[in-house]
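Numbering starts at 1 and runs along the sequence shown.
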Amino acid sequence: MKALVIIPAYNEEGAIVNTVNNLKSICPDVDYVIIDDCSKDKTLEIAKQNNFHVIHLPINLGIGGAVQTGYKYAYENDYDVAIQMDADGQHDPKYIPELIKKVEEGNDLVIGSRFLEKEGFQSTFIRRMGIILYSKIIKMFTKKEIKDTTSGYRAASKKVIKLFANNYPVDYPEPETNAFIAKNDYKIIEIPMKMKERDSGSSSITPIKSIYYAIKVGLAVVLACIFKNREI
């Protein structure tokens, strides 16, 4: 299958080289694109110096806009599968062949889950509470259990690439899109993965923001579950 790895990046100057070189070493036959979300540091400069494939956004769109840009690129270039992968080194490229294989087998969205075997970095306590909340909401409305609802390491089929290219949530979109995919009878599965702590930098989500987003994203997940076949 023709596969593309989408790497959204904002202020990842300390990690981007290792992330891309590791990806190229392990998966040399898979294409990739960095979406530089108008970084304020040297992420773009470093990417260009290393001849990495990068799309520079002239204004900061946030994680949703950056990822959607990647899906638009995948759709316009007729990719069969698109894999989201963080720029900070948390996601090990060795799992990419398995993600692609599961899409080849007929699944529409394949999520790399930290919580199936509970190995590796398990995220912060506050974030885990949000993950559990979103999981319970999705199961309540769709009868489908997704344990790692906020995982940004996932693979999308051609159908889902088109869906996400046309419409994608702005803030922390994984829980909402997972709910939509589950509610609308696409095939969604999880596979176990070990994830690492970020190589450098820090999360933009402070404890106060975590509470705000837990409420905001929770409501978005409920709406995605209620309104079947609505656009995301």
Side-chain angles (χ1 to χ4, degrees), residues 3-8 10 33 35 37 61-75 79-87 90-91 95 99-100 102-103 106-116 123 127 130-191 193 195 204-205 213-232:
L4 175 74
V5 176
I6 300 167
I7 308 174
Y10 178 69
V33 61
I35 311 297
D37 194 19
L61 296 181
I63 184 63
V67 172
Q68 186 179 18
T69 300
Y71 278 114
K72 284 181 178 291
Y73 180 89
Y75 176 67
Y79 281 92
D80 299 302
V81 57
I83 302 105
Q84 292 174 230
M85 192 177 84
D86 286 356
Q90 287 188 298
H91 298 158
Y95 296 107
L99 287 167
I100 295 172
K102 293 301 181 184
V103 173
N107 296 291
D108 294 303
L109 191 64
V110 184
I111 301 168
S113 175
R114 293 160 284 191
F115 306 129
L116 293 181
S123 190
R127 186 164 181 173
I131 291 168
I132 291 170
L133 171 64
Y134 309 145
S135 180
K136 288 184 179 298
I137 293 172
I138 292 172
K139 187 173 183 180
M140 180 188 305
F141 285 97
T142 70
K143 310 303 181 186
K144 297 177 183 178
E145 186 173 23
I146 303 173
K147 289 185 176 294
D148 200 345
T149 54
T150 66
S151 174
Y153 199 5
R154 54 188 192 163
S157 70
K158 203 161 192 171
K159 287 191 296 183
V160 175
I161 289 172
K162 182 178 180 180
L163 177 70
F164 288 171
N166 289 329
N167 209 317
Y168 201 73
V170 176
D171 290 326
Y172 304 98
E174 286 82 9
E176 186 176 349
T177 51
N178 289 340
F180 181 86
I181 292 295
K183 183 67 176 180
N184 286 280
D185 300 322
Y186 291 89
K187 293 181 180 179
I188 181 171
I189 64 167
E190 291 180 278
I191 62 173
M193 292 184 180
M195 296 188 189
S204 62
I205 311 175
Y213 281 113
I215 297 171
K216 180 180 179 180
V217 177
L219 290 173
V221 170
V222 170
L223 292 174
C225 289
I226 291 174
F227 296 105
K228 187 173 183 177
N229 292 322
R230 92 191 225 290
E231 289 190 349
I232 299 172

Taking all non-hydrogen atoms of both residues into account, name the closest pair between Y168 and P173 and its distance.
CE2-CG, 3.3 Å

To check you understand the geometry: which heavy-atom pair defines the closest contact between I161 and Y75, and what is its length?
CG2-N, 3.7 Å

Distance alone, cut at 3.5 Å: any donor-acceptor contact between the side chains of E176 and Y134?
no

Within this structure, what is the NE2-OG distance for the pair H91 and S151, rounded to the nearest 0.5 Å?
5.5 Å

Could you pull out the closest heavy-atom pair between I137 and G218, with the gap in Å?
CD1-O, 3.9 Å

Out of the candidates D80, V81, I189, only one should pair with V103 under the side chain to side chain contact (heavy atoms under 4.5 Å, CB included) rule; please name it.
V81

Mind checking the CD-OG1 spacing from E174 to T149? Nearest 0.5 Å is all I need.
9.5 Å

Can you check whether I188 reaches D108 side chain to side chain, under 4.5 Å on heavy atoms?
no

Closest non-hydrogen contact found for Y71 with I6 is N-CD1, 3.6 Å

Is there a side-chain contact between M193 and L99 (heavy atoms, below 4.5 Å)?
yes

Partners meeting salt bridge (Lys or Arg N to Asp or Glu O under 4.0 Å) with K144 (sequence neighbours left out):
none

Reported NZ-to-NZ distance for the pair K143 and K183, which is rounded to 0.5 angstrom
9.0 Å

Mind checking the CD1-CD spacing from I35 to Q68? Nearest 0.5 Å is all I need.
11.0 Å

Does T69 use its side chain to pair, donor to acceptor, with the backbone of G65 at less than 3.5 Å?
yes

Point-to-point distance, once rounded to the nearest 0.5 Å, from CD1 of I191 to OH of Y153
8.0 Å

Counting only heavy atoms not in K139, do more than 12 sit closer than 6.0 Å to its NZ atom?
no

Return the set of residues passing ring-ring contact (aromatic ring centres under 6.0 Å, His included) with F141 (not counting sequence neighbours), or none when no residue passes.
none

Donor-acceptor pair, side chain of E190 and main chain of K147, under 3.5 angstrom:
yes

Between P8 and D37, is any pair of side-chain heavy atoms under 4.5 Å apart?
no

Without swapping roles, check the side chain of K72 against the backbone of A165 for a donor-acceptor pair under 3.5 Å.
yes

So, N107 side chain and K187 main chain: donor-acceptor pair closer than 3.5 Å or not?
no

Can you check side chain to side chain contact (heavy atoms under 4.5 Å, CB included) on V160 and R154, steps first, answer last?
CA-CA 12 Å; V160 175; R154 54 188 192 163; over 6 Å; no

Could you tell me whether a side-chain N or O of N167 sits under 3.5 Å from a main-chain N or O of L163, the two making a donor and an acceptor?
no

Working to the nearest 0.5 Å, report the span between CD1 of I111 and CG of N178.
4.0 Å

What are the two closest non-hydrogen atoms of S113 and D148, and how far apart are they?
OG-CB, 3.4 Å

Search all heavy atoms of L4 against all heavy atoms of G70 and return the closest pair with its distance.
CD2-O, 4.1 Å

